[in-house]
Amino acid sequence: MPASLSRGGIVALFLGLALICLPFADFATAGHDPWAELGRMARGFLAPDFTAVEQIGWAVALTIAFAVAGVALGGAAGLVLAPFYRLRPVRWLAIALRSVHELFWALLLLQVFGISVWSGLLAIALPYAGIFAKVLSEILDEADPRPSRWLGAGVDPLTRFLWARAPLARPQMVSYALYRLECGLRSSAVLGFVGLPTLGYQLDSFFKQGDYGAAGAVMAIYILLIATVRQWMRPRLALAWLALAVGVLTQVSSPPMGQGALWRFLSQDIIPAPLRAGDPAGLWPWLWDLTTGSILPGLGATLVVAQLSLILAGALAFVGQALIVPRVSGRVGAWLGHLVLVLLRSFPEYMLAYLFLQVFGPSMLPAVLALGLHNGAIIGHLLGRQARDLTLRPDAPRGLTLWGWEIVPRLFGSFVALCLYRWEIIIRESAILGLLGVATLGFYLDDAIVALRMDRAVVILVATALVTILIDALSRGIRARIGAGSLRRRDALPGRPARQASRP
C-alpha cells in the first residue's frame, strides 16, 4: 500500500469494486406486489394500534433491563482490562470478543443456557467488554499524565489508576458509556428475533400475523425509547437503573437446559467431527468441505452485500449532509431532513432488513437497502452537523450552490473517513443479516446451528471474526494514509467523547 493515498482515488476504487460486485448481486423480488405490501405496512405504521399490543410494558422493561445490565457488565469487564490493554494477551482477548456480533454470541449461548437471562446478558456483555477495553484504554491514555507523575515512583499501579488517571478520564468514560447504552438498547431489541422476549420478539410475532397496526405500535414505542434515552438515563441514576434491571431479570423464568450442558458444549459439541470419531486424518477433508461449501460462498456474498451497501450509504450521505443545513434546504426542509435521518439511524440494520424482507422477499435487496440507509443516515447526520458549524463568508450563497461549491469540498475528507469507518461495521452487519435468509456468512452459521453441528458453527464463527479483524486493519491503514486516522469531536457518533470517532 503506498505511503499516501488520494481521497478521490479511494472513492473511485470503491466505486469500481461495487461495479464488479453488481453482477453477483441477487436483487430478485418475491412474486407478490412489493408496493402493495409496502402500502399496507405504511398504513399500519401511520395508524398504530396500541390496544392490540399485549404485554408490551413487560417487553419494554426487558429490553431496557438486558441493555442496562449487559452494558454494565461489559463496561465493568472492559474497565478492568483497559489499564492492561497494551499487553498482547489482553489486547487479543478484547479483539476476539468484539469481533463477534451480539447475535452470533446469542446463537452460541442459546445452545448452552437456552432462552434465559444469561444468554441475552452475555450476548451483549461479551462483545461490549472488548469494545470498552479498547475505548477506555484510549481515553485513559489521552488523560493528562502530570498528576500520575506527581505521585512519584513508589506508588502502586492500582492507586495511580484510581487517584490520578481515572478521575481525569471520568467525564469521557461516562459520555461513552451513555452512547454504548444506546447501542445496547438496539442490541437488546434485536435479540428478540432469536427468541428472547424483548421488543424484537413482539415485532416479529406481529409481522408473522400480518398485524401491521400492532407492529407499528411496537416500532413507535421503540423509537420513543431510543429518542428519550438521554432524558431518562442520567449518570447519577445509573445505580438505581442497574438495580431495577437486575430486579426485572430475576423475574424471568426459562426452561432448564439439563445438567452439564456447558461442559458438553466445550468438550464435545465444538470438537470437529473427525476428531470426535477418532479420525485425525479426516480433519483436513472436513475443513476443506466446510471452507469450499460454506465459508467461501458466505464470504463472497458478505463482501458483495457490504460493498454495494457502502456505495448506497455514501450516496445517501453525500446528498443527505445538506438536508439538515437551513442555509441549503430552508428551515422546514432542514427539520424534515433531520426527522428522516433520525428515523433511519434509530433502527438497527437487522430490524430494517427484517422490514424490507416483508416487502421484497428473501434476496440481497433488503440487506443492501437496510445497511445503506441506516449507515448513510448516520454519516449524513454527522456531516450535516459539521456543515452547520462551518464558518462561512458573509456573502456566501445559499441552496445547492452553497452545498456544491462550499460544503462538499470542505467536508470531502471527513466524508471519505466516515465512510471507511462505517465500512468495518457494514462488513460485520452484512454477515449477521444471513440470519434473515441472505446467503452471507450468518446464513451458513445459522444452518449449522439448526442442524446441531456446532463444530462447523464455531469454525464459521472464527472465519467471520478473522474477516472482521482484517477489514478493520485495512480500513485503519487506509484512513491513516489519507490523513484521517483520528476524527475530531464533531465527527464522532452522537454521545461520543472528543477524539473518539474512530472507535467501535
Side-chain angles (χ1 to χ4, degrees), residues 41-42 44-50 53 56-68 70-71 102 124 174-192 198-203 206 212-238 240-241 244-245 248 316-317 320 323-326 331-355 370 373-385 388 425 490 492-497:
M41 193 181 296
F45 293 165
L46 292 174
D49 183 8
F50 292 94
V53 180
I56 188 63
W58 182 239
V60 171
L62 285 175
T63 301
I64 296 174
F66 275 119
V68 171
V71 171
E102 300 92 272
I124 295 174
V174 170
S175 179
Y176 184 78
L178 183 57
Y179 163 71
R180 189 48 55 184
L181 177 62
E182 294 181 34
C183 299
L185 287 169
R186 295 183 177 93
S187 299
S188 178
V190 168
L191 289 178
T198 60
L199 284 172
Y201 182 83
Q202 296 274 346
L203 187 65
F206 288 123
Y212 294 140
V218 173
M219 294 179 67
I221 293 170
Y222 172 77
I223 293 175
L224 181 64
L225 182 66
I226 295 292
T228 60
V229 61
R230 293 178 180 273
Q231 278 65 54
W232 54 263
M233 173 53 76
R234 303 284 184 176
R236 64 178 180 274
L237 300 176
W241 276 109
L244 287 172
V248 169
L316 176 60
L323 291 178
I324 60 175
V325 180
R331 292 187 178 277
V332 175
W335 182 85
L336 291 175
H338 180 73
L339 178 63
V340 170
L341 294 182
V342 165
L343 289 175
L344 288 177
R345 74 175 191 267
S346 293
F347 283 100
E349 295 98 321
Y350 191 91
M351 193 176 290
L352 276 177
Y354 181 85
L355 298 180
L373 293 176
H374 175 82
N375 288 280
I378 290 176
I379 300 170
H381 170 76
L382 299 177
L383 292 173
R385 287 170 54 190
R388 287 185 300 181
I425 299 172
R490 58 192 177 187
L493 292 175
R496 285 195 179 186

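The analysis underlying the following values was restricted to heavy atoms, covering all of them including side chains, and did not include hydrogens, waters or symmetry mates. No experiment lies behind these values; they were computed from the predicted model shown.
Classified by interplanar angle (parallel below 30°, tilted 30° to 60°, perpendicular above 60°), the ring pair Phe45/Tyr212 is perpendicular.
Of all heavy-atom pairs between Glu182 and Ile226, the closest is O-CD1, 4.2 Å. Minimum heavy-atom separation, Ala59 to Gln202: CB-CG, 3.8 Å. Residues Ala353 and Ala370 come closest through the heavy atom pair N-CB, 3.3 Å. Shortest non-hydrogen contact noted between His381 and Leu341 is N-CD1, 3.9 Å. When every heavy atom of Val71 is checked against every heavy atom of Gly184, the shortest pair comes out as CG2-CA, 4.1 Å. Contact detail for Pro48 and Gly216: the closest heavy-atom pair is CB-C, 3.7 Å.
Side-chain atoms of His374 do not come within 3.5 Å of backbone N or O of Pro348 as any donor-acceptor pair. Trp241 contributes a side-chain N or O that, together with a main-chain N or O of Trp232, makes up a donor-acceptor pair within less than 3.5 Å. In this structure a side-chain-to-backbone donor-acceptor pair under 3.5 Å is present from Thr198 to Ser188.
No side-chain heavy atom of Ile64 sits less than 4.5 Å from a side-chain heavy atom of Val248. Tyr222 is not listed as a side-chain neighbour of Val60, based on a closest heavy-atom distance of 4.5 Å or more. Between Leu199 and Ile56 there is a side-chain heavy-atom pair separated by less than 4.5 Å.
Within 6.0 Å of the OH atom in Tyr201, the count of heavy atoms belonging to other residues, nucleotides or ligands does not exceed 12.
Applying the side-chain contact (heavy atoms from CB on, under 4.5 Å) test to Leu224 and every residue at least two apart in sequence or in another chain returns Thr228.
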Self-check item: Pair Val190-Glu102, side chain to side chain contact (heavy atoms under 4.5 Å, CB included): steps then yes or no
Solution: CA-CA 9 Å; Val190 168; Glu102 300 92 272; over 6 Å; no
Practice problem: Applying side chain to side chain contact (heavy atoms under 4.5 Å, CB included), run through Ile124 and Leu191 and close with a yes or a no. | Solution: CA-CA 9 Å; Ile124 295 174; Leu191 289 178; 4.0 Å; yes
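Between the CZ atom in Arg331 and the CG atom in Leu336 there is a gap of 14.0 Å [rounded to 0.5 Å].
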